[in-house]
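Comments concern the structure below.
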2 protein chains.
Amino acid sequence: MANIRDVAEAAGVSVQTVSNVINGRPFMRPETMQRVRQAMAELHYQPSRVARGMRRQSSQALGFLLSDPNPRGLADPFYGEVLAGLSSVTRAHNYSLVINYLPSLPRSGDFLTPFETRQIDAAVVFISGIAARQTAVLRELVRSSHPIAVLEREVKGEHAYSVLAANYEGARAATQALIDAGHRRIAFLDSVQRWPSIDLRRNGYEAAMRDAGLGKHIAFLSGPDWTAEGGGAAVERALSQRAVKTKPTAIVAASDVIAVGALLAIKARGLRVPDDMALVGFDDFEFARYVDPPLTTVRLPAFEMGRRAAELLLNHLRGMPADERRVVLPTQLIRRKSS
Amino acid sequence: MANIRDVAEAAGVSVQTVSNVINGRPFMRPETMQRVRQAMAELHYQPSRVARGMRRQSSQALGFLLSDPNPRGLADPFYGEVLAGLSSVTRAHNYSLVINYLPSLPRSGDFLTPFETRQIDAAVVFISGIAARQTAVLRELVRSSHPIAVLEREVKGEHAYSVLAANYEGARAATQALIDAGHRRIAFLDSVQRWPSIDLRRNGYEAAMRDAGLGKHIAFLSGPDWTAEGGGAAVERALSQRAVKTKPTAIVAASDVIAVGALLAIKARGLRVPDDMALVGFDDFEFARYVDPPLTTVRLPAFEMGRRAAELLLNHLRGMPADERRVVLPTQLIRRKSS
DNA sequence: TTGAAAGCGGTACCAG
DNA sequence: CTGGTACCGCTTTCAA
């Protein structure tokens, strides 16, 4: 590969001049510029990001750091949407995107290394599952004062941003919609393994129930884990144990995945959705619309969360004043046939 | 951040010695090594990947280059699984993983740049949708002789590898299973927009039909695109137009997504699956098991494809002899309730 | 076994 | 407006 000196020689100018052309720096003779451009094209010259990073002490790369206990967790469409959002921003600003996926509990330093080795300038962070309770890694990151944007989790720090979805409001609106439709016994379905954003969803549900004076009819169905099977098992157990009079007529599920499990369990008992049991999910993952009946759900703006997080970090790196360190993106109730 | 000189000074040795310790190079006095290690730990020293890449002329990074016409195409679980596979290998070998996502038709140079700027040493490439027909970008990559591993597409070149799934065999086995179950009128559902791996699936279907002497009963249902809606529309049209006697009793769909659309369309017409119409998909995406009835389908080994592709490239970079430039991974018929 | 010095490919400073 | 030169942090000769 040609380097900057080759270009300078071919164009009959100094290295510095070539560098100026590359970086769009001011005034030089148009014809000089022309000659340089031509030389670059002829030699198929591309400046080395490595050398540039070396000198500038910045890699022009953003990291996406995520931990998910599931070894194939990356297949969750949520991550794909976040990545697509990140990618749209990094590409527009000529940054590259480095992904760092830890399928197990993150250990100390795991998320620090990419910064320390100067692989990335800043990172979007998502810690899922039970690990979300384990805040040590996050604290470490925050204290290291590398720029980070954390998804679905509150952080406080000089160089830390939070990008959140309106989980509380979404769950509250979904529950309210069920109440408005005449339901009184509404259950909330989650998992025994909970995490911060889920707590907010539950709070939103509880608030709507309380406001409607339905507090005493609150029912919780807690499955063993965040799989469809887990959701199905919880519903199955609940429906077989309770007396008819206390059975819920509607369920707000804390995620679409467990809602799908619930849907199958409800149908397996010969109940119709939504006539015998209304069901609302959360996330609006791609296949929510393709289950039978199509799932009413609360849309989580995953793509936008990725986009926003990347923008916050890029602005930070450019020294722009941060108007907000904490961004909350709206959720939206998507009405389909299951409620 | 501390640099190698700081460490050398703190340990009272030369820079060279520190470098030797980092790179596990032979014999030095154990106590020297000990001192160096301690200094590294105390200073939280991590060697800069940038500087190392500069000197070694290699970034120790693998790229995942993909184009998908859908702006949120990355949300497709296929990519997530591939990424998880890639990630498992890169992490094990201390490589980093750079993702380069082009939501539009790749233009000349788009996939060359990350190599030329020395961001990555090698790349896994996937070109989807109609773009898959547009081989210009791929040819360009192959001729550039940067190491690449292309998924689901045949390439030939000194530094190019192909990682393929047994699409033909999978579709053939699925069709054969339907024939064995007594079906005679079996349709193949795909899209007017086809691409290489889909052609193989269709060929597999045709072969099974021909072998069973059922060639004359072959029916093709071609939807407008690769969405569930597209699949549903094709089935809807076919079922409403044909006479009962020529209607298929089973459908082999070219992907799970369109199979899901087909499933909804079939049920919407009041037909039961599998009694009135058997249905087999292709891919085994995560939610194939959660549709109603659970979808019989052919599993595409996406995770393994990612893993294998990364391994091929890493071996290539280490100068290991390539035992094979073309890897075909097995598919597997997953029997559920829809057939 | 350890140390000094050159150089990877850019950018930034300083003169001209 | 352009040219020379130091330097980013590491690896790699070459000497001691």
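Quick note on labels: first sequence line is chain A, next is B, and so on, each numbered from 1. All values reported here derive from a predicted model rather than from experimental measurement.
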Next item on the list: Verify, without hydrogens or angle tests, whether A:R325 (side chain) and A:E158 (backbone) share a donor-acceptor contact under 3.5 angstrom.
Entry: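 Present.
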Item checked: Where protein sits on nucleotides 8-16 of chain D, one letter per nucleotide: B base, S sugar-phosphate only, - none, heavy atoms under 4.0 Å -> BBBBBB---
Note to self: Please enumerate all residues that pass salt bridge (charged side-chain N to carboxylate O under 4.0 Å, His left out) together with A:E311, with sequence neighbours excluded.
What the structure shows: A:R307, A:R308
With sequence neighbours excluded, what pairs up with [X] under the ring-ring contact (aromatic ring centres under 6.0 Å, His included) test?
{"X": "B:F115", "value": "B:H146"}
{"X": "A:H316", "value": "A:H159, A:Y161"}
{"X": "B:F126", "value": "B:F78, B:Y79"}

Next item on the list: Any ring pair (Phe, Tyr, Trp, His ring centres under 6.0 Å) involving residues 48-74 of chain A? Give me the pairs, sequence neighbours left out, ordered by first then second residue.
Entry: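 Pairs touching residues 48-74 of chain A that pass the test: none.
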Check: According to a strict under-4.0 Å criterion, is A:T32 in side-chain N/O contact with OP1 or OP2 of D:dT2?
Finding: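 So the side chain of A:T32 is within the cut-off, an N or O lying under 4.0 Å from OP1 or OP2 of D:dT2.
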Next item on the list: Return no unless some side-chain N or O of B:S14 is found under 4.0 Å from OP1 or OP2 of C:dA4.
Entry: no
Check: Quick one: bend of the helix from C:dT1-D:dA16 to C:dG16-D:dC1 from 5 pairs per end, to 10°?
Finding: 40°
Notebook entry, point to check: Could you give all pairs that pass the salt bridge (charged side-chain N to carboxylate O under 4.0 Å, His left out) test and reach residues 33-52 of chain A, with sequence neighbours left out?
Noted result: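 Counting only pairs at least two positions apart or across chains, no salt bridge (charged side-chain N to carboxylate O under 4.0 Å, His left out) contact touches residues 33-52 of chain A.
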Margin query: Can you pull out every salt bridge (charged side-chain N to carboxylate O under 4.0 Å, His left out) where at least one residue sits in residues 87-109 of chain B? Sequence neighbours excluded, please.
Written below: B:R107-B:D110
